[in-house]
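If you read the sequence from its start, that first residue is 1, and numbering goes on from there.
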Amino acid sequence: MIDNFALLLTHVLIAIALIRLLGRADLDTEDLLEVEEEKVERDGPSLREKRRARARAEARDA
């Protein structure tokens, strides 16, 4: 009896959490992505992209 109650309780709590999560209005927005894209456009290429470009140029020259 206790095992069934424990299983039921945990599953009900997971279902409640899932319902609350899916009901959030900000679940499907990508505001942070837009901010990051603006930052990249403003700041130019990242250090990683600069390294890749340098490596490509060195490979082309070799």
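- Among pairs with a residue in residues 7-18, none fulfils salt bridge (charged side-chain N to carboxylate O under 4.0 Å, His left out), at least two apart in sequence or across chains.
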Scan the side chains in residues 1-19 for donor-acceptor partners under 3.5 Å anywhere in the protein, sequence neighbours excluded, and list what turns up.
{"unit_1": "T10", "atom_1": "OG1", "unit_2": "A6", "atom_2": "O", "d": "3.1"}
{"unit_1": "T10", "atom_1": "OG1", "unit_2": "L7", "atom_2": "O", "d": "3.0"}
{"unit_1": "H11", "atom_1": "ND1", "unit_2": "L7", "atom_2": "O", "d": "2.7"}

Without placing hydrogens or testing angles, list every side-chain donor-acceptor pair under 3.5 Å for residues 55-62, not counting sequence neighbours.
none

